[in-house]
Asker: 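Sharing a structure with you now.
Any value given below was found using the heavy atoms of this structure, including those in side chains, with hydrogens, waters and symmetry copies removed. First listed ligand is number 1; within each ligand, the first listed atom is number 1. Along the sequence shown, residues are numbered consecutively beginning with 1.
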Amino acid sequence: MDKILRGVVKYNLHDKVRFVNDIDKFTKKIVQPQTVFISCMDSRVLPSKFVGSAIGETFYVRNAGNMIPHHEDYLAGYISSEGGGLELGCIVNEIRNVVICGHSDCRALYALYDMRKECDHKLYHQKSPLKTWVALNGRRTANKFSQLFPDEVKRNNFVDPVIFDVNLGQGHVKALIDPENDFCIQDKLSQINCLEQASHVTTYPLLQPFIKTGELQIHAMWYDVYTGNVYLFSPSERKFVIVSDSNVTSLMTECGCNSCTGVLKEKQP
Ligand SMILES: [Zn+2]
């Protein structure tokens, strides 16, 4: 706890006044929440740092493996905080931008990779809450991964680009998974999972009216912990691309950021 408590003392000295002032901006609606950001809970992944969000701008939901439980599982009785987080962000606070963020070297996805051939959460219920969670919410990812990599030879030699069918709310996209073959098999699974979990957002009926009109945007982001590169899935390029100065304007246009901003401006007093 020493590190945590010393952090509070440092915060008292350097940041507390600024944070309180920022809350005032939020209260006066100068700043409004714009994004629900769902990421893995990994300690190396610090989204508020790499997306530069300030107080009041982003609702964060973090869990092992950046999972969004499918709405079918919610109906089957598997209550989770993620569905509640989507409702709190998108309905109660009228946020129209959802980002699912995966990352490289994800230990939850390594667990999913090891379980991929027998991805039944009931097998792990008594032994491991982590494996139960990952198997339950990652089984659709694992099933699709097994379809994409049906044989061991192909799995170990990535000659051909792998195509993954993803629905981010505005029709299906045939995604190319790591076509440059830069990443290991578990990282490829992590990118597939990121897209699969993003597609689960579309399964929630209370969000569907906003998704159908294009008012609610769903994005898949991926973070490489070893290079620090931040990737965004580009529907036009059909793959994760590194976000940089050179492409940020085109990515903003592609993501419909202008329409998001327009919605927020209309709601300001
Ligand atoms: Zn992770």
Asker: Inside 2.8 Å of the Zn ion (ligand 1) but strictly below it, how many protein N/O/S atoms are present?
Answerer: 3

Asker: So does Phe183 get a backbone contact from the side chain of Asp178, meaning a donor-acceptor N/O pair under 3.5 Å?
Answerer: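 Yes; judged by distance alone, with no hydrogens or angles, the pair exists.
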
Asker: Which pairs, with at least one residue in residues 121-139 and sequence neighbours excluded, count as a salt bridge (charged side-chain N to carboxylate O under 4.0 Å, His left out)?
Answerer: Asp73-Arg139

Asker: Can you name the residues that form a salt bridge (charged side-chain N to carboxylate O under 4.0 Å, His left out) with Asp224, not counting sequence neighbours?
Answerer: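 So Asp224 forms no salt bridge (charged side-chain N to carboxylate O under 4.0 Å, His left out) with any residue.
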
Asker: Ring centres under 6.0 Å, that's the criterion: do Phe50 and Tyr223 meet it?
Answerer: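 Distance test on ring centres: under 6.0 Å, yes.
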
Asker: Does any pair with a residue in residues 234-252 pass salt bridge (charged side-chain N to carboxylate O under 4.0 Å, His left out), and if so which ones, sequence neighbours excluded?
Answerer: Glu180-Lys239

Asker: Is the OH atom of Tyr60 crowded by more than 12 outside heavy atoms at less than 6.0 Å?
Answerer: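 Yes, the 6.0 Å shell around OH holds more than 12 heavy atoms from other groups.
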
